[in-house]
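Proteins come first, then strands; the chains are lettered A, B, ... in the order of their sequence lines, and each starts at number 1.
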Number of protein chains: 2
Amino acid sequence: MAPPNSIRVLLVDDHSVVRMGLAAVLSLDEDLTVVAEAEDGTQALEKYQAERPDVVLMDVRMPGLGGLEALRALLAASPGARVLMLTTSELDDDIQRAIDAGARGYLQKSVSREELVRAIHQVHAGGSYIPEATRRRLLQLAKRKHLSNREGEVLDGMRRGLSNRDIALTLSISEHTVKAHVKAILHKLESADRAEAVARGFEQGLLRVEGR
Amino acid sequence: MAPPNSIRVLLVDDHSVVRMGLAAVLSLDEDLTVVAEAEDGTQALEKYQAERPDVVLMDVRMPGLGGLEALRALLAASPGARVLMLTTSELDDDIQRAIDAGARGYLQKSVSREELVRAIHQVHAGGSYIPEATRRRLLQLAKRKHLSNREGEVLDGMRRGLSNRDIALTLSISEHTVKAHVKAILHKLESADRAEAVARGFEQGLLRVEGR
DNA sequence: GATGCAATCGCCCGAAAGGGCGATACCACG
DNA sequence: CGTGGTATCGCCCTTTCGGGCGATTGCATC
């Protein structure tokens, strides 16, 4: 069933439909063998230890232990792991983090069969694979103004309708400091007021709908 | 290959991985046969006319002719078509529109194999299939406070960082009126200020990320 | 014809926001 | 050791916001 010199792949995705689709695509290439599947990050870690696959194909968004956390945990335990991240959404801002964390590639689920197979081969050979479109997206994201942790917390207060004073209370700092952060946020996000800043936060993926 | 009394299915999705996954899942049930696949709405219409499948499985989000438009066009041409909509995103507010347009069901791509197969059988039998979670989501959407057209325009002004006066200018009404609308919006959205109102707008699908 | 809703306009006022001008301290990176 | 970013705190001042209290018009629905 599994050819001797086959590339052994671990699939990690919470959607069984997607897992089967990936498995079907990989089965088209006789050099590829799916040796295990996992439905979440925790399972992925276990299966990796058990099977020691050559390449891991992992979804970014998963319930429980998410793709990014799983990626970090996996690489912490097995620094040599070769992981290709997959994503459904076009507007994930996780690309940068995934690459930083050590992913060897970052693909959309919209990739063609050929590109997916090529990517796996390339990653298995020790290289990395990032599609042109994703590369462009990375450049675009690099231009994005980055908020500090504190500013992120303040922005979150704003989105919840808190006044500067209330944000100060929840963060246990002075209102003056909050105002300073707000000013920095408005400037970085090129926004006229907190309403626009919140909108930009959603547009740029700094704020998320799904209850964080 | 195709059993005589098989349910003939048309798959419509722009992601080849998903199409293969769906095909793989359906192939597990011997009563189901995928007779055609389409990558977008336009192709879907052609394939439907050519194959006259019993059930159509169609993605909501597609480039070109989107799923909803395709659904309407398909039902206009063939009122008897039985269409099951699929979606990737959990927070689509298209559920209502899809049902209204005549879809027989609305599934997440995260459905289990069993549920997907069951849904197709049910739809083929002339019934409809909407999962519990989706039903709940529908109820939640029904409770969603509805903004009037004018209020929607004012909310959009807020998200763009406009002051009440500037909104008044762009809408050619008095600032007093804008303030009245703003008050109504804050009340309907249960928000303390415009920043929270904008956040609620995004959360409830009243505002969208993708450049309107 | 009443009832309800949307849209429009009005005033008063206190609280909050945001701009502009500062400052100190810490820490990491070069 | 300087440079830059972050986090903290400070004051002054003008504009804007949002609450509370109104109102009239028109339109559709019942």
Side-chain angles (χ1 to χ4, degrees), chain A residues 93 96-97 99-101 141-207, chain B residues 100 141-204 206-207:
Chain A
D93 57 334
Q96 187 67 60
R97 281 194 285 258
I99 301 297
D100 289 349
L141 284 178
K143 283 189 210 139
R144 176 177 74 176
K145 305 298 176 202
H146 182 64
L147 296 191
S148 70
N149 292 337
R150 211 43 158 172
E151 287 162 352
E153 291 173 331
V154 173
L155 180 61
D156 190 67
M158 290 195 244
R159 90 94 148 249
R160 279 164 32 206
L162 301 181
S163 66
N164 290 336
R165 180 147 160 274
D166 289 341
I167 296 174
L169 287 174
T170 64
L171 296 182
S172 300
I173 55 181
S174 93
E175 184 179 347
H176 299 288
T177 306
V178 174
K179 292 185 81 166
H181 287 311
V182 170
K183 278 178 213 179
I185 293 171
L186 294 185
H187 187 252
K188 285 184 179 179
L189 265 38
E190 298 173 83
S191 299
D193 57 24
R194 41 227 271 115
E196 187 179 5
V198 167
R200 290 288 166 88
F202 277 100
E203 290 164 4
Q204 303 197 4
L206 302 169
L207 294 173
Chain B
D100 289 346
L141 283 178
K143 277 188 217 140
R144 178 173 71 176
K145 303 296 177 203
H146 183 65
L147 296 190
S148 70
N149 292 337
R150 213 41 161 173
E151 288 163 352
E153 291 173 329
V154 172
L155 180 61
D156 192 68
M158 291 195 241
R159 90 95 148 249
R160 281 165 30 206
L162 301 182
S163 66
N164 290 337
R165 196 209 298 170
D166 287 342
I167 296 174
L169 286 175
T170 64
L171 296 183
S172 300
I173 55 181
S174 94
E175 183 180 347
H176 300 287
T177 306
V178 174
K179 293 184 80 166
H181 287 311
V182 170
K183 279 179 213 180
I185 293 171
L186 294 185
H187 188 252
K188 285 186 180 178
L189 265 37
E190 297 173 82
S191 300
D193 57 23
R194 35 177 82 224
E196 188 179 4
V198 167
R200 291 288 166 88
F202 278 99
E203 290 164 3
Q204 303 197 4
L206 302 169
L207 294 173

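Rounded to whole Å, the distance from CG on Leu162(B) to C1' on dT16(D) is 14 Å. Distance Met158(B) CE to dT16(D) P: 16 Å, rounded to the nearest Å. Atom-to-atom, CD of Glu196(B) to P of dA16(C) comes out at 15 Å; the value is rounded to the nearest Å. Atoms NE2 (His187(B)) and P (dA6(C)) sit 13 Å apart, rounded to a whole Å. Separating the CD1 atom of Ile185(B) from the P atom of dT8(C) is a distance of 12 Å, rounded to the nearest angstrom. Straight-line distance from the CZ atom of Arg165(B) to the C1' atom of dC9(C): 17 Å, rounded to whole Å.
The two residues Ala197(A) and Leu186(A) come nearest to each other via the heavy atoms CB-CD2, 3.8 Å. Residues Ile167(A) and Val154(A) approach most closely at CD1-O, 3.8 Å, considering heavy atoms.
For the OP1/OP2 pair of dT16(D) and a distance below 4.0 Å, the side-chain nitrogens and oxygens of Asn164(B) include no atom meeting the criterion.
Here Arg150(B) contributes atom CZ and Ile173(B) contributes atom CD1; the two are 4.5 Å apart, rounded to the nearest 0.5 Å.
Using modelled atom types, one side-chain atom of Arg200(B) and one backbone atom of Leu189(B) make a donor-acceptor pair closer than 3.5 Å. At distances below 3.5 Å, at least one donor-acceptor pair connects side-chain atoms of Glu196(B) with backbone N or O atoms of Ala192(B).
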Quick tally for nucleotides 5-14 of chain D: nucleotides whose base has a protein heavy atom under 4.0 Å get B, sugar-phosphate-only ones S, the rest -, giving -SSBBSB---
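The side chain to side chain contact (heavy atoms under 4.5 Å, CB included) with Arg194(B) is formed by just one residue from the set Asn164(B), Leu162(B), Leu155(B); it is Asn164(B).
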